[in-house]
Amino acid sequence: MKSPESPADEAQRLAALQALEVLDTEPEERFDRITRLARAVFDVPIALVSLVDRDRQWFKSCQGLDVTETDRSISFCGHAILRDQTFLVPDAAADERFADNPLVTGDPRIRFYAGQPIKGPEGARVGTLCVIDQRPREFSEQQLGQLRDLAAIVESELALVQIGKLRRELAERATAQAIAEDEREQFFRLSLDLLCIAGFDGFFKQLNPAWEEVLGYTLDELKTRPFVEFVHPDDREATASEAGKLAEGNTTVAFENRYRCKDGSYRWFHWTARPGMDRALIYAVARDITDIKELERQLREAKLAAETANRTKSEFLANMSHELRTPLNSVIGFSNLLLKKAAALGPTETTYLERIRDNGKHLLTLINEVLDISKIEAGRMQLEIAPVVLAEVVGETVAQLEGMAHDKGLAVESEVPDGLEPVQADPQRLKQVLINLVGNAIKFTETGSVKVRVVPDGSARHARRIEVIDSGIGIPATKLDRIFEAFGQVDGSSSRKFGGTGLGLTISRSLCELMGCELTVASETGAGSTFTIHLPRTPGAKGIAGERPARRQQPGFIARALGEMPGDAPRTALVIDDEEDSRLLIAEQLRELGCDVFLAPSGKQGLRLAREKRPDLITLDLMMPGMNGWEVLRRFQADPELRDVPVVIVSIVAGENRGTLFGAVEIVDKPVGRSTLKRVIEKHLHPRRRGEVLVVDDDPSSRQLLAELVGEYGFRVVEASNGAEGLAQIARSKPDLVLLDLMMPVMDGLAFLSRLRKNPEHRHLPVIVVSAKDLTLNELKRLDDQVLAVLAKGDSLDEALNDVMRRALGVGPQA
Ligand code: ADP
């Protein structure tokens with residue numbers, strides 16, 4: 001027996017057969033009709049529509065057999081589908097391909113087979129129409145033709161099956177589409193947003209009912225006029241340009257315009273749109289945002305009103321503090337002046353005066369603190385964040401409060417590890433917090449000690465916290481929270497016993513928060529308290545950071561001003577000494593005498609600093625390790641640039657070495673006294689010219705106080721009560737220094753300054769601003785380049801003035 005081979009296109013053939021979707025379906029009359037006819041026409045017992053599957057032949061229609069399929073390997077049809085022509089086997093028993101085929105040797109005992117291949121719609125031979133007889137036969141040409149015709153009818157029926165199937169699919173698809181359409185329509189009708197399709201021609205094509213509801217026009221009214229006609233005249237140009245961009249293929253996101261309603265009012269629309277280029281249409285969704293716009297407008301107005309109110313409040317506070325501080329300045333200043341002359345007063349008068357001054361100071365503190373609190377509350381506290389060396393801030397704080405502690409017999413210790421990196425904070429504000437904490441610690445401690453400790457993290461390079469520890473009266477646990485509230489004191493009577501305002505900690509805590517720190521307290525009644533500033537890991541301040549204002553910088557102006565001052569060369573001194581104590585001692589005395597001082601701990605560094613700083617005077621020790629004083633002196637002499645700088649030898653071996661010190665202007669023994677140094681300086685440095693000072697202030701007592709204070713420096717004083725008078729006075733008497741108030745009638749301080757600086761002659765006339773006004777960072781910045789310093793009228797005015805006079809002008813009070 002020979003099994004049928006697979007045709008060359010077997011894979012495609014099987015795919016085509018599968019696509020027909022007729023395998024294993026129920027018998028159908030349309031095919032049975034044909035096999036019945038074939039059986040009759042050819043007078044055979046068996047006629048089949050056989051489909052040749054991968055491993056079997058399956059009968060879609062079968063007459064004369066009671067099986068539905070047989071194995072492909074024994075099938076006759078397997079052979080028949082190998083070619084287009086009818087496959088004829090006249091006598092299977094005599095045909096070696098089939099003689100031992102079980103279908104021949106057994107049932108249905110095939111002897112004759114004629115099979116005409118059937119093609120699927122794409123031309124692949126999927127099966128046959130075949131007729132079978134149990135006796136050998138021949139087929140005439142006519143019979144062959146008839147078999148082909150019948151097979152063609154089978155093919156048509158198969159095609160019809162396909163068409164029916166396609167039709168059903170199409171119907172299903174149409175239904176699904178209709179449902180989708182209906183759903184879309186529902187959404188289209190329901191949408192509160194305005195949906196539309198517009199043409200590139202500028203007309204609406206489709207609109208959902210929301211349009212009618214929102215604008216009040218019928219949809220037809222909207223469709224019959226170009227849509228820009230409904231747009232607010234001010235928005236038409238933008239709308240036309242947006243539509244133009246859509247027509248070029250761009251999409252619209254977040255475009256806004258106003259549409260006119262039938263009643264003449266306008267609604268704000270927020271648009272999203274995209275073009276359909278092939279159909280020249282725009283698909284767009286508009287949201288009515290009129291209410292949101294209105295809310296935004298109200299918010300803006302409210303914000304503006306709040307800002308104006310806030311500004312008015314801040315201005316009021318700034319003015320009020322000015323008005324309050326001005327008279328207080330006089331109260332404190334004159335009390336201080338009188339107290340300096342205490343010898344002329346009796347003890348009772350001195351006590352009264354101290355009361356006046358102390359109460360004045362208390363009031364001033366209160367005003368400053370209330371101002372701080374209102375600034376914090378208004379969110380207007382301006383911070384100047386900069387790297388802060390904790391050792392310096394702690395040192396300055398301790399130095400400032402040492403006197404207070406000393407009066408109570410207490411010691412203030414500080415412990416700051418070496419090598420800490422600077423922290424990011426506002427140095428002035430951090431110091432304010434520390435002064436408050438250390439001041440409290442001293443105030444509330446009678447015996448024991450007060451300590452400021454900086455605790456580093458594991459790396460020993462970053463400070464984690466600052467602790468202020470005291471052994472004082474402590475705070476009851478129930479009051480721990482209360483002390484951070486405004487005016488919160490542990491006990492109402494404490495303000496009488498200890499003084500204070502109850503505002504310090506409130507401000508301190510807020511300042512800490514603004515700098516990104518946290519302020520906490522731990523305390524035990526009778527044992528003491530520890531206040532801790534927890535520093536941030538990543539430093540970052542929350543306050544309004546501003547640039548550092550003039551008063552903390554060395555104003556660039558100072559150097560220029562000094563350069564121009566007649567007869568006033570800057571006075572700097574260099575101290576070269578290997579002993580620290582003696583270096584500091586000499587430096588302190590030189591500073592008191594009005595010099596800026598540089599320090600060098602060795603001869604070598606002394607040489608370097610001398611070349612770098614060009615001091616006006618050098619003090620030189622002799623016995624130093626490394627390069628000794630003689631060698632340093634020799635090198636100064638050899639250097640043409642340094643040869644003329646006066647060198648004062650200050651040494652324990654000065655006396656006996658007089659003869660060896662060629663070139664030194666003075667040779668003095670250690671320890672050197674203040675009067676000796678003073679004599680030396682006066683001899684070798686040009687004396688300061690102490691000419692005339694102009695005080696410009698509208699408040700007569702402020703003027704008088706300032707006149708008294710600068711009078712102590714040996715200046716002559718002339719006065720003016722406003723900027724205009726000040727300018728007139730300058731034209732008359734050419735003063736050497738101006739002390740200037742800012743808030744004055746007729747012409748205020750800022751106007752005075754700008755007029756003054758316009759005149760080239762007075763461009764560098766030194767001006768010190770002395771004002772009770774609370775200056776903003778902006779105002780400070782404006783002053784930066786124009787004045788030597790900005791001083792606040794208040795209790796430490798005399799010290800602040802002394803500092804500027806000494807630092808900037810190199811003059812101190814005359815003894
Ligand atoms: P003031 O010290 O001006 O009263 P503060 O806000 O600085 O205002 O302090 C509030 C209160 O907290 C103080 O009046 C005092 O009762 C309590 N207090 C603050 N620091 C200490 C301290 N180190 N020891 C004991 N009590 C303290």
Side-chain angles (χ1 to χ4, degrees), residues 328 358-377 381 394 397-398 400-415 428-454 465-515 517-534 794-796:
L328 267 181
D358 294 347
N359 276 294
K361 281 186 179 179
H362 179 79
L363 207 51
L364 194 71
T365 314
L366 195 60
I367 291 168
N368 288 338
E369 289 183 343
V370 167
L371 194 70
D372 272 354
I373 285 200
S374 46
K375 270 200 239 164
I376 290 170
E377 280 177 356
M381 175 58 81
V394 171
T397 306
V398 172
Q400 192 163 329
L401 295 173
E402 236 161 14
M404 177 181 168
H406 184 78
D407 291 347
K408 291 185 77 175
L410 294 170
V412 185
E413 297 165 34
S414 64
E415 182 188 315
Q428 235 35 47
R429 295 300 183 181
L430 184 60
K431 192 167 151 195
Q432 180 180 347
V433 174
L434 278 174
I435 284 180
N436 177 231
L437 297 181
V438 179
N440 279 347
I442 297 170
K443 199 160 66 173
F444 296 105
T445 303
E446 294 310 320
T447 53
S449 67
V450 169
K451 182 167 180 181
V452 186
R453 197 157 78 111
V454 175
R465 51 183 198 274
I466 310 173
E467 296 172 344
V468 178
I469 308 158
D470 69 50
S471 58
I473 60 171
I475 304 160
T478 50
K479 301 283 170 71
L480 279 179
D481 277 341
R482 184 158 158 57
I483 57 168
F484 289 104
E485 289 167 11
F487 299 107
Q489 294 181 322
V490 165
D491 123 39
S493 65
S494 103
S495 64
R496 263 161 277 141
K497 186 171 167 205
F498 296 105
T501 59
L503 291 174
L505 286 177
T506 317
I507 296 171
S508 294
R509 181 167 262 188
S510 300
L511 288 177
C512 281
E513 279 169 8
L514 285 174
M515 290 187 284
C517 310
E518 196 194 351
L519 177 60
T520 60
V521 60
S523 185
E524 198 181 319
T525 326
S529 315
T530 299
F531 282 81
T532 307
I533 303 171
H534 302 267
D795 55 351
S796 53

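Each ligand, and each atom within it, is numbered from 1 in the order the structure gives.
Contact annotation: for I475 versus ligand 1, heavy atoms closer than 4.0 Å belong to the side chain alone. Neither the backbone nor the side chain of L437 has a heavy atom within less than 4.0 Å of ligand 1. Under 4.0 angstrom from ligand 1, the non-hydrogen atoms of F531 all belong to its side chain.
Residue contact check: G474 has heavy atoms under 4.0 Å from atoms 25 (C) of ligand 1. Within ligand 1, the atoms closer than 4.0 Å to a non-hydrogen atom of L503 are 6 (O), 8 (O), numbered from 1 in the order shown. Near K443, with a cut-off below 4.0 Å to any heavy atom, the atoms of ligand 1 are 1 (P), 2 (O), 3 (O).
Using a 4.5 Å cut-off on side-chain heavy atoms (C-beta onward), M404 and L401 make contact. The side-chain heavy atoms of V412 and K451, taken from C-beta on, include no pair separated by under 4.5 Å. Proximity of D372 to L503: side-chain heavy atoms (C-beta onward) are nowhere separated by under 4.5 Å.
In this structure, the separation between CD on E369 and CD1 on I376 is 10.0 Å, given to the nearest 0.5 Å. With values rounded to the nearest 0.5 angstrom, I466 atom CD1 is found 7.5 Å from C517 atom SG. Note: I507 CD1 to N368 CG = 9.0 Å, rounded to the nearest 0.5 Å.
Annotation: I473 places no N or O atom under 3.5 Å from an N or O atom of ligand 1; distance criterion only.
Residue nearest to atom 20 (N) of ligand 1, selected from I507, T365, N440, D470: N440 (by heavy-atom distance). Evaluated by nearest non-hydrogen atom to atom 17 (C) of ligand 1, the leading choice among I442, I483, V521, V438 is I483. For the residues V468, L366, L505, the heavy atom positioned nearest atom 9 (O) of ligand 1 is part of L505.
With sequence neighbours excluded, the residues that form a side chain to side chain contact (heavy atoms under 4.5 Å, CB included) with T520 are E518, T532, H534. Shown here are the side chain to side chain contact (heavy atoms under 4.5 Å, CB included) partners of E402, two or more places apart in sequence or in another chain: V398.
The shortest heavy-atom distance from G472 to ligand 1 is not under 4.0 Å.
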